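These notes are about the structure you will find just below.
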Amino acid sequence: MSLNNATSPFLLSHKDGPVKWRTWGPAALAEAKKANKPILLSMGYAGCHWCHVLNREGFSNPEIAAQINDNFIPILADREERPDLDMLYQGAAGIMQHPGGWPLNIFLTPEGLPWWVTGYQPPTDQPENPSFGHVIADCVELWKNDRARADDTAGKVKAAVEHLYNRDMTTGQEAMNLDLTALRIAQRYDFFFGGMMGMTKFLNPLLIEVMWRGFLRTGTPQFSQVIFTTLDGILFGGAYDHIGGGFFRHSLDERWLEPSFEKMLYDQAQMIDLCGSVWQFNRNELCRQRVTETITFLLREMKVGDVFAASISSGSHAEDGKFYTWSEAEIDAALVGTFSARFKQVYGITRDGNVMGRNLPRRLGNPMPANEADEALLAKQRDMLLAARAKRTAPTRDDRVLADWNGLAIAAIARAGMVFEKPEWIEAATEAFDGLIKLLGDGDRLSHLKGSTGIADDYANMARAALQLWEVTNDQRFIDQAKAWTKVLDDHFWNTQINGYCFYADDAEQLFVRPRMLFDNPAPSVNGTMLIVLTRLALLTGSTDYMSRCSLLAVTFGNEANRMIQGSGGYFVGFEYLVNSLMVVVIGHKGNSKTQELIRAFWGKPVPNGMVLQIEPGTALPEQHPAHGRGMEGGQPTAYICQAGTCSNGFTTAAALADALTLPPQLRGQQQVRA
């Protein structure tokens with residue numbers, strides 16, 4: 001009940017403060033009901049800068065702490081340990097006209113219903129922005145003297161949250177216009193610097209993915225211009241760690257100059273996928289380099305045994321900035337014996353610095369040196385700086401292992417292993433998959449993290465990872481595991497009254513509303529991911545049950561996705577996978593070089609809605625499969641492109657298959673566009 005036995009670094013950072021924190025659970029809720037006291041629920045996570053500031057300025061203030069202890073049952077929750085709480089109360093915060101985010105301080109009735117919300121508040125009153133202590137005092141006054149108003153608000157919020165997540169959101173598939181969706185997203189993007197317009201820019205790889213698929217479908221050059229401008233800003237700018245590899249969570253400015261210094265596992269995974277797809281299209285060397293560096297970073301700095309840690313935190317922007325930034329003198333000292341002036345020119349290093357009086361290496365304005373010799377020198381110099389940086393005190397790593405985020409990373413690394421012909425990456429992804437099951441698996445059930453009940457995203461992302469591993473290894477056990485996790489989702493997460501997957505299971509702790517999640521947060525939501533998983537299982541097994549469930553899911557949230565396009569990227573990606581899915585069936589002996597050439601032709605092209613199946617000659621496909629009865633032509637390994645229930649004629653050369661996979665035809669001459 002107290003924080004003494006907590007494992008969360010976020011909870012432990014509050015353990016010795018004056019607020020008598022409890023953890024969420026039956027005991028704390030029973031205490032609130034018995035004492036007839038309201039609950040102050042505060043949610044955050046270890047990498048949240050303002051959470052730590054509020055703890056230092058607000059919760060550590062003895063007067064504020066005394067007010068909280070006397071008048072509330074204070075409960076502290078880590079949003080990464082309790083994503084179900086976070087999902088529900090963030091939705092409630094939005095209904096109460098609060099922007100959400102962390103820290104989230106939400107005031108609840110003893111039954112757990114919200115009636116007031118606030119986030120970070122300053123230590124002293126400011127015009128139009130009261131201090132945190134002022135907010136606490138106002139809430140104490142409201143509860144004591146106007147409880148009927150608080151109870152009335154709580155009842156209205158509960159009804160509104162139920163409506164938010166569980167109203168009718170259906171629309172017919174014909175109302176889902178993928179080209180118009182991509183256009184609407186592109187209209188919100190910064191034409192000059194890339195990224196969503198605004199002063200703070202997140203990576204938003206799912207929205208870029210929707211536009212990227214729009215470009216691959218239509219060849220519309222405006223899409224590629226927005227995408228490549230955005231990638232230039234991210235890959236050359238401050239949102240990328242040019243010394244150690246990996247992506248920071250977001251930029252604090254519109255030009256991608258200064259980042260927030262936190263690295264989240266889900267961002268790394270999604271950017272690996274996106275950069276890999278761009279490389280498949282135009283063999284862009286920068287994208288290959290960023291994928292290689294980011295996977296190297298994950299394997300070097302994010303491994304916990306065979307699996308991956310959740311994040312590298314940014315507890316203090318200034319302190320973490322010192323880890324990632326350099327004075328000019330530090331650069332010169334670390335690069336002694338090399339041509340340091342060239343590095344400083346390319347990476348914008350100056351005497352006065354470019355971030356907080358120091359230098360964050362970035363290549364905006366100096367994107368590519370003129371020759372390979374320059375690149376070789378710069379690579380050597382980056383390694384020298386990485387070795388020097390390793391001697392500094394590193395930012396805190398959150399060593400907890402989350403099933404959903406690991407699923408994203410496993411799928412991305414496995415796919416990159418095939419795209420870039422790196423078998424060691426596929427091996428690392430397989431080891432992480434098996435390690436995750438050993439750590440968080442219990443039969444066919446998964447924990448979200450150690451000691452925390454699994455949520456729908458855990459099963460969906462791990463099922464998708466299993467199918468990706470099957471595709472690159474041809475090991476049947478991965479299909480079996482994906483089917484088992486899908487069954488858990490169907491049995492315990494599906495809403496049998498109004499359809500769609502709920503965020504938590506029917507046999508988990510039941511909160512005041514059981515939400516169905518459509519929006520990305522910021523990783524793709526279960527109801528988008530499962531469109532991909534169910535489609536793949538349907539194509540692989542020929543089972544109409546999977547396709548029926550997928551078709552039903554596709555219309556369940558369509559109206560809401562159309563209404564909130566920028567929050568529904570994962571759903572639109574999944575919807576396109578359903579309607580445009582294709583399978584390349586390669587019939588030939590696995591050890592035959594021509595069989596492998598046909599498989600490599602598939603992996604050499606961006607086919608985001610496709611998968612490849614290699615079978616030995618004479619192997620029978622299900623009768624429902626469109627390639628049933630097909631075989632090798634002329635005794636040669638043969639590939640068939642199967643889509644919409646029919647298959648193409650056979651391809652016996654890799655060049656012919658690669659040309660057929662370059663669609664639409666107007667893109668065939670554009671492989672050399674910049675990125």
Side-chain angles (χ1 to χ4, degrees), residues 47 190 193-196 200-209 227-279 284-302 311-314 317 320-321 323-326 331 343-344 346-349 354-356 358-369 375 378-379 381-383 385-386 389 394-395 409 412-413 416 420 522 674-675:
D190 186 332
F193 302 118
M196 292 283 284
T200 300
K201 290 187 173 177
F202 288 82
L203 304 179
N204 286 327
L206 285 168
L207 296 184
I208 302 174
E209 173 88 0
I227 292 162
F228 295 145
T229 298
T230 299
L231 285 178
D232 281 349
I234 295 172
L235 302 184
F236 286 124
Y240 184 77
D241 181 358
H242 293 264
I243 303 303
F247 296 86
F248 297 116
R249 184 164 173 251
H250 63 85
S251 171
L252 300 175
D253 62 279
E254 65 177 351
R255 300 183 64 184
W256 305 100
L257 299 176
E258 181 177 351
S260 65
F261 293 106
E262 53 190 320
K263 294 180 178 179
M264 314 301 292
L265 182 59
Y266 56 77
D267 280 330
Q268 316 309 317
Q270 293 176 97
M271 290 304 297
I272 288 168
D273 268 341
L274 179 62
C275 289
S277 185
V278 173
W279 183 87
N284 179 267
E285 174 60 21
L286 177 65
C287 286
R288 184 204 63 78
Q289 184 176 331
R290 293 295 180 262
V291 169
T292 301
E293 292 169 346
T294 300
I295 293 177
T296 300
F297 154 71
L298 289 176
L299 298 177
R300 182 186 66 239
E301 296 186 32
M302 295 290 279
S311 64
I312 294 179
S313 302
S314 179
H317 186 72
D320 289 351
F323 176 79
Y324 292 108
T325 59
W326 308 76
I331 293 284
F343 182 90
K344 290 190 290 185
V346 171
Y347 285 95
I349 308 301
N354 54 33
V355 170
M356 297 181 288
R358 292 168 61 80
N359 290 284
L360 178 69
R362 57 195 186 215
R363 291 178 71 160
L364 289 169
N366 296 283
M368 299 300 287
E375 277 297 338
L378 292 170
Q381 291 174 321
R382 290 195 301 270
D383 287 343
L385 289 173
L386 181 62
R389 199 175 79 178
I413 294 170
F420 296 98
R674 74 178 184 90

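Fair warning: this is a prediction, and the values are worked out from it, not measured in the lab.
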Find out whether [X] and [Y] are in side-chain contact, i.e. whether some heavy atom of one side chain is under 4.5 Å from a heavy atom of the other.
X      : Y      : result
Leu257 : Ser251 : no
Glu375 : Glu285 : no
Leu286 : Cys275 : no
Phe297 : Lys263 : yes
Leu298 : Ile272 : yes
Phe261 : Ile312 : no

Taking side-chain hydrogen bond (donor to acceptor under 3.5 Å, both in side chains) as the definition, give me every residue that meets it alongside [X], ordered by chain and number, with sequence neighbours left out.
X      : value
Gln268 : none
Thr230 : none
Glu254 : none

Between [X] and [Y], what is the shortest heavy-atom contact and its length?
X      : Y      : answer
Ser260 : Arg249 : OG-CB, 3.7 Å
Phe247 : Met271 : CE1-CB, 3.5 Å
Cys287 : Leu235 : SG-CD1, 4.2 Å
Pro259 : Gly238 : CG-O, 3.2 Å

| query | For Phe343, which residues count as a ring pair (Phe, Tyr, Trp, His ring centres under 6.0 Å) partner, sequence neighbours excluded? | reply |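 Applying ring pair (Phe, Tyr, Trp, His ring centres under 6.0 Å) to Phe343 gives Tyr347.
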| query | ring pair (Phe, Tyr, Trp, His ring centres under 6.0 Å) with His250: which residues, sequence neighbours excluded? | reply |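 Listed in chain order: Phe202.
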| query | How are the rings of Phe420 and Trp279 set relative to one another: parallel (under 30°), tilted (30 to 60°) or perpendicular (over 60°)? | reply |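 Geometry flag for Trp279 against Phe420: tilted rings.
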Examine distances only and state if a side-chain atom of [X] and a backbone atom of [Y] form a donor-acceptor pair shorter than 3.5 Å.
X      : Y      : result
Gln270 : Tyr266 : yes
Asp253 : Arg255 : yes
Lys201 : Gly194 : yes
Ser311 : Ser313 : no
Asn359 : Trp326 : yes
Asn354 : Leu360 : yes
His242 : Arg382 : no
Trp256 : Phe193 : yes

| request: Can you spot which of Arg362, Arg290, Glu293 makes a side-chain hydrogen bond (donor to acceptor under 3.5 Å, both in side chains) with Tyr240? | output: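 Single side-chain hydrogen bond (donor to acceptor under 3.5 Å, both in side chains) partner of Tyr240 among Arg362, Arg290, Glu293: Glu293.
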How long is the span from the [atom1] atom in [X] to the [atom2] atom in [Y], to the nearest 0.5 Å?
X      : Y      : atom1 : atom2 : value
Leu231 : Leu203 : CG    : CG    : 10.0 Å
Ile349 : Ile331 : CD1   : CD1   : 4.5 Å
Thr296 : Leu386 : OG1   : CG    : 10.5 Å
Leu378 : Asp383 : CG    : CG    : 11.0 Å

| query | Quick one: salt bridge (charged side-chain N to carboxylate O under 4.0 Å, His left out) pairs with a partner in residues 264-278, sequence neighbours left out? | reply |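 As it turns out, the salt bridge (charged side-chain N to carboxylate O under 4.0 Å, His left out) pairs with a partner in residues 264-278, which skip direct neighbours, are Asp273-Arg464.
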